[in-house]
Amino acid sequence: RTEECRESRCGRHGPPIRFPFRRNNIDPDHCGYPGFNLTCHEHHTLLELPAVPLPIQFRVTDIDYNYQSVFISDPENCLPKQLLKLNQSSISPFQFTSSPVELNPSKTYLFSCPPNEFSCPYVAVRDSASGTLLDSGLISCTRMFNTISSVSWSSDPNVWTLQWLKPNCRECEARGKLCKLNNNGTEDAIQCYEPPPKPVSKIYYAAIGVPVGSAVMVLVFYAFFKIYHYFRIKGEDLARVEKFLQDYRAFRPTRFSYADIYRITNHLKDKLGEGTHGAVFKGEVSKEISVAVKILNSMEGDGTEFINEVGTMAKIHHVNVARMLGFCADGLHRALVYDFFPNGSLRNYINPPDNENFLGWERLHHIALGIAKGVEYLHYGCDDRILHFDINPSNVLLDDNFVPKIIDFGLAKLCLKNQSTVSITAAKGTLGYIAPEVLSRNFGNVSYKSDIYSFGLLLLEMIGGRKNMDISVDGTCEILYPGWVYNLFEGRDVHIHFEEGDNNIIKKLATIGLWCIQWNPINRPSMKTVLQMLEGDEDNLTIPPDLFGSTCFTSSNSIVPARFKHLELEAIRE
Ligand SMILES: Nc1ncnc2c1ncn2[C@@H]1O[C@H](COP(=O)(O)OP(=O)(O)OP(=O)(O)O)[C@@H](O)[C@H]1O
């Protein structure tokens with residue numbers, strides 16, 4: 001039967017109502033103790049105290065079950081008036097309590113005041129036995145009489161504290177238990193019992209359910225969005241791969257948006273390196289097709305010129321020239337997409353030649369031949385002659401079979417528009433490969449022979465590596481005048497490691513290299529001739545005149561001719 005007597009409240013903020021209190025006309029009789037009836041009225045909890053001639057209703061503001069106290073106020077905010085009515089009446093089963101800290105019980109005086117001056121026409125004043133009587137504010141009031149016994153004042157003058165002694169549930173409450181009438185119905189007999197588990201309220205359900213429900217909804221929406229997004233992206237990816245393959249088969253470059261580039265490169269995650277014209281990232285058009293994406297340093301314009309140039313570059317197809325698979329001209333973003341070559345650049349293998357990456361002279365010879373074929377194609381195989389201007393080991397990539405692929409062709413033209421002239425500063429990394437006439441027009445006109453010069457130095461680097469070119473400190477001279485090569489022909493130590501038989505390849509590459517780096521562009525062979533030399537017998541090759549004889553090919557005894565000094569100064573100044 002205790003289930004029938006669950007704790008309740010009149011309003012959400014009302015005091016808890018449980019034994020010995022019960023709600024009048026709502027809770028069964030056995031839920032409360034006689035005289036402890038409370039009434040709920042408009043969410044207020046009301047307590048009726050017996051008085052003569054009529055009972056008086058007070059509002060219950062709180063109930064302290066541990067101290068068996070009930071805090072009451074007057075609904076009309078005029079407690080002293082009620083005090084007057086209560087005078088002499090019994091308020092059983094309650095009684096006024098004295099404040100436990102109040103050593104001298106107070107007398108309470110009741111004053112009648114002019115109703116127009118006071119909202120409550122009665123004022124109760126507490127005065128200690130020793131004490132001061134009136135405060136001057138009550139001058140217009142008339143003292144009626146010293147009131148009944150001790151009224152218990154709480155800190156709020158509009159609230160009284162009543163106490164009850166019977167039934168005594170203090171012990172039960174102190175032990176965290178509840179109290180009820182004994183089963184035998186004897187009024188005095190009280191027993192404790194365990195409080196039933198609190199029913200989960202609707203508010204609780206709402207408090208927990210709403211956020212949890214919302215979170216689940218958000219998760220479900222998020223999951224739907226992700227699935228939708230996934231399939232949309234997948235669909236776009238498939239469409240892109242399809243388009244890419246179509247273009248690939250038709251030898252057309254695919255145009256990518258910057259968002260595509262961003263996705264292909266997995267948010268520009270895997271950076272392969274950074275060159276003069278921009279950074280290179282690894283990417284994947286699909287699981288099978290890996291690409292390298294060169295994001296060009298930002299450019300101006302609407303991209304029309306860029307697209308035209310790219311159109312020309314895309315027509316270039318040669319086994320030794322990296323194929324441009326696609327491009328991006330989106331806003332100010334410009335990018336070029338190439339096949340990805342996992343073996344990286346030739347520089348990794350020739351510098352120095354005797355390390356573990358050394359490919360062997362046979363293979364290096366093939367690579368030199370491949371590069372020469374690629375350059376020859378750029379010079380003679382296209383509608384317009386394409387000058388590379390930056391042939392060096394970094395711009396030669398090696399595919400799975402170590403077939404060389406020339407990259408960065410056309411970039412000089414593409415990016416020149418932005419850089420006004422060939423920038424020596426920008427091309428610092430490849431300074432040693434730049435033909436004299438590119439540095440100074442005193443040496444002749446810039447032409448396809450400038451690429452021959454760079455190729456010659458690439459050959460010399462392939463055989464000697466930087467080991468023989470001291471590029472530190474005053475290295476410009478050594479790079480431009482690799483006199484050490486002549487030591488090779490004279491059988492002197494040039495730090496090159498080779499076996500018997502390799503000698504011929506090395507000498508062949510050295511001879512061709514020397515022909516290619518002749519000062520006068522007219523004396524340099526064309527790429528067609530270079531190819532014949534590379535493919536022919538080295539015995540038929542003549543060693544070019546020692547153009548370094550009178551120059552600074554060693555750092556210690558160098559004497560630079562006046563005309564070359566001019567070049568040297570100019571090169572350093574830029
Ligand atoms: N298609 C590619 N496959 C694999 N690696 C590549 C590819 N293209 C470029 N790289 C690598 O990216 C890096 C940067 O290349 P990039 O051509 O931009 O600069 P660089 O040749 O080192 O310098 P510069 O532009 O001055 O010649 C290099 O390490 C190069 O090996």
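Counting heavy atoms from C-beta outward, Ile190 and Asn168 have side chains that stay 4.5 Å or more apart. Side-chain contact between Arg334 and Phe327 is absent, with no heavy-atom pair separated by less than 4.5 Å. Looking at Val293 and Val280, their side chains never come closer than 4.5 Å, going by heavy atoms from C-beta outward. The shortest side-chain heavy-atom distance between Phe21 and Trp164 falls under the 4.5 Å cut-off.
Looking only at distances, a side-chain donor or acceptor of Asp399 sits under 3.5 Å from a matching main-chain atom of Val403. Proximity of a side-chain donor or acceptor of Thr61 to a complementary backbone N or O of Phe71 within less than 3.5 Å is detected. Between the Tyr228 side chain and the Ala223 main chain, no donor and acceptor come within less than 3.5 Å of each other. Between the side chain of Lys405 and the backbone N or O of Val319 there is at least one donor-acceptor pair closer than 3.5 Å. With hydrogens and angles disregarded, a donor-acceptor distance shorter than 3.5 Å links the side chain of Ser69 to the backbone of Tyr67. At least one donor-acceptor pair closer than 3.5 Å links the side chain of Arg255 to the backbone N or O of Ala329. Here the side chain of Ser286 pairs a donor or acceptor atom with the backbone of Glu288 at under 3.5 angstrom. Under a 3.5 Å cut-off, the side chain of His267 and the backbone N or O of Lys269 do not form any donor-acceptor pair.
For the residue pair Asp247 / Thr254, a side-chain donor-acceptor distance below 3.5 Å is found, with atom types taken as modelled. Between the side chains of Ser73 and Arg59, no donor-acceptor pair is found at a separation under 3.5 Å. Side-chain atoms of Glu173 and Asn66 include no donor-acceptor pair closer than 3.5 Å.
With rounding to the nearest 0.5 Å, the separation of CG in Asn348 from CG in Asn343 is 9.0 Å. Here Leu268 contributes atom CG and Tyr262 contributes atom OH; the two are 5.5 Å apart, rounded to the nearest 0.5 Å. Remark: Ser345 OG to Asn395 CG distance equals 8.5 Å, nearest 0.5 Å.
Sulfur-to-sulfur, Cys192 and Cys169 sit at least 2.5 Å apart at their SG atoms.
A cation-pi arrangement is found for Lys282 relative to Phe340, the charged atom lying closer than 6.0 Å to the ring centre and inside a 45° cone about the ring normal. For the pair Lys180 and Phe19, the cation does not sit on the ring face, since its NZ or CZ is not both under 6.0 Å from the ring centre and inside 45° of the axis.
Atom CD of Gln191 has more than 12 neighbouring heavy atoms from other residues, nucleotides or ligands inside a 6.0 Å radius. Annotation for Lys243: atom NZ counts as buried by contact number, over 12 foreign heavy atoms lying within 6.0 Å. Residue Tyr222 places its OH atom among 12 or fewer non-hydrogen atoms of other residues, nucleotides or ligands, all under 6.0 Å distant. Around the CD atom of Glu274, the shell of radius 6.0 Å holds more than 12 heavy atoms that belong to other residues, nucleotides or ligands.
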For residues 35-56, tabulate all N or O donor-acceptor pairs below 3.5 Å that involve a side-chain atom, not counting sequence neighbours.
residue	atom	partner	partner atom	Å
Asn37	OD1	Arg22	NH1	3.0

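Checked against ring pair (Phe, Tyr, Trp, His ring centres under 6.0 Å), Phe341 has no partners two or more places apart in sequence or in another chain.
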Checking Cys120 against Cys78 for the disulfide bond (SG atoms under 2.5 Å apart) test, could you report, in this order, the C-alpha distance in whole Å, the side-chain angles of both residues, the deciding distance, and whether it holds? CA-CA 5 Å; Cys120 173; Cys78 192; 1.8 Å; yes

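Among all heavy-atom pairs drawn from Phe256 and Ile264, the shortest one is CE2-CD1, 3.5 Å.
Under the 30°/60° scheme for interplanar angles, the aromatic rings of His333 and Tyr258 are found to lie parallel.
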